[in-house]
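Accompanying notes for the structure given below.
In what follows, every heavy atom counts, from backbone to side chain, and hydrogens, waters and symmetry copies are set aside. Atoms within each ligand, like the ligands themselves, are counted from 1 in listed order.
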Amino acid sequence: MRTNYKDDFPLLKNSTAGGKPLVYLDNAATTQKPAQVIEAVKEYYEQYNANPHRGAYPLSEKATEVYEAAREKAAEFIGADSPEEIVFTKGTTESLNLVASSYGLDNIREGDEILISIEEHHSNLIPWQAVAKTRNARLRYLYTDENGKLPLEEISAKINARTKIVAVTQVSNVLGIVNPLGEIVRRAREVGAVVVLDAAQSIPHMPVDVRALDVDFLAFSGHKLYAPTGIGVLYGKKEHLRKMQPLLFGGGMVDDVSEQDATFAEGPSKFEGGTQNVEGAVGLHAAIDYLEGIGYERIGQIESELTQYALTRFHSIPHVTVYGKESGNNRAGIISFNIDGAHPHDVSTILSADNVAIRSGHHCAHPLMRHMGVNATCRVSLCFYNTRDDIDILIESICKVREVLGLELK
Ligand SMILES: Cc1ncc(COP(=O)(O)O)c(CNc2co[nH]c2=O)c1O
């Protein structure tokens, strides 16, 4: 059985610095792209680039065909009832802003409650702050416990008759822990609340089935799923999308326009004003094909084993704090840590001298940082193309940090 996928990724094959191979461990920020995706985009521009939905000539018809084929593929990938439930956006941020600005503002009234978690990325937090302020509604939080988990009693306590929207991440981009979505949805359904799921950090690592999850909306980004930047998906149940107002007005999203009014297209194109990112959609289609070729079972096996290996190695290093106590099989390969006496930015700079790429900072999760009692963390985020050698080089480099900073080692 294949254990090393780096050769599928040109950048990983060719990138060295000072004779050291790149150890890329910032996959929660963005993933590298397999040759299959790069070739698909190249072929699009070489063979059938045109503006979709508008030209009565073969090239435009082909561009339309591949764009809509990508929509069908995305629908199938997440188990949507139909491609009509798939809106292409720039990414998770745009998807979540669309839900908040359209569905949120139309359905939240004074005194209603919107419930999010303290783990949310700013793109699933600030839009809800804006809706709550505009509608004089209450924004409430599910708080993680000392282990970085959302306690079930917190979920049952915070979801009540006034809760109208529950918007949560399936996996935190800081802690990597998989949230108890089943319990959240069950409780939300009891009070008739709508569930918005941020799947940006889960869908690269685990199968997502919107019908099985029974969520009303789901958002993810192509670039975290080995596809190009600039393409993302908002899944929405048809009954919601049908009633929602578009956010961007322009070409391709209208039915008729008079001097003082406009009626809008049916289906997802209502939300896709202007010329769309066809190359991104083509790249997303190729990325999904690539992932399905490997299979989530194999991806999960590799990443769970590698995450557990990394956690074991981390726990052997003195002066290192790892946040979140979950083990490798209930955690996407995201590990946030700090080294006593070392600022995260210094740590990532020192690691970069060994060509090890990790993230340091607040990860667009200021409220979570405060809740954790830290200003910032270092973050390792691995995926199936990483290897045990990558982890060994990472740990070896981390073990040098305190010495480089002149801190005592014992
Ligand atoms: C959970 C989560 N939600 C939403 C977003 C926004 O996605 P975008 O619209 O594609 O930017 C991110 C991006 N997270 C990160 C981007 O860079 N480092 C990160 O951890 C995320 O991790």
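- Partner E303 forms a side chain to side chain donor-acceptor pair (under 3.5 Å) with one of H205, Q308, R298 and no other, that one being H205.
- Interface of S221 with ligand 1, defined as ligand atoms under 4.0 Å from a residue heavy atom, comprises 7 (O), 8 (P), 9 (O), 10 (O).
- For ligand 1, the atoms closer than 4.0 angstrom to any heavy atom of N173 are 19 (C), 20 (O), 22 (O).
- Contacts between R359 and ligand 1 below 4.0 angstrom, taking non-hydrogen atoms only, involve the side chain exclusively.
- Proximity of T92 to ligand 1, defined as any heavy-atom pair under 4.0 Å, is shared by backbone and side chain alike.
- The protein heavy-atom contact nearest to atom 22 (O) of ligand 1 is Q201 NE2, 2.7 Å.
- If you check the side chains of D216 and H240, you find a donor sitting under 3.5 Å from an acceptor.
- In this structure, the protein non-hydrogen atom closest to atom 3 (N) of ligand 1 is D198 OD2, 2.6 Å.
- Assignment of T169 to the shell around ligand 1 is supported, since a heavy atom sits closer than 4.0 Å.
- Judged by distance alone, the side chains of Q170 and D198 never bring a donor and an acceptor atom under 3.5 Å apart.
- Among protein heavy atoms, the minimum distance from atom 17 (O) of ligand 1 is reached at A29 CA, 3.4 Å.
- Considering only non-hydrogen atoms, atom 5 (C) of ligand 1 lies nearest to H121 out of H121, K90, H362.
- Applying the 4.0 Å criterion to heavy atoms of H223 picks out, from ligand 1, the atoms 8 (P), 10 (O).
- Among protein heavy atoms, atom 20 (O) of ligand 1 sits closest to R379 NH1, 2.6 Å.
- Distance from atom 15 (C) of ligand 1 to its nearest protein heavy atom, with residue and atom name: K224 NZ, 3.2 Å.
- Taking the six-membered ring where the residue is Trp, Y385 and Y226 present perpendicular rings, their angle passing 60° and hence far from 30°.
- Note on K270 versus E266: no salt bridge recorded, every NZ/NE/NH1/NH2 to OD/OE distance being 4.0 Å or above.
- Closest protein heavy atom to atom 6 (C) of ligand 1: T93 OG1, 3.4 Å.
- A side-chain donor from one of E279 and Y45 sits under 3.5 Å from a side-chain acceptor of the other.
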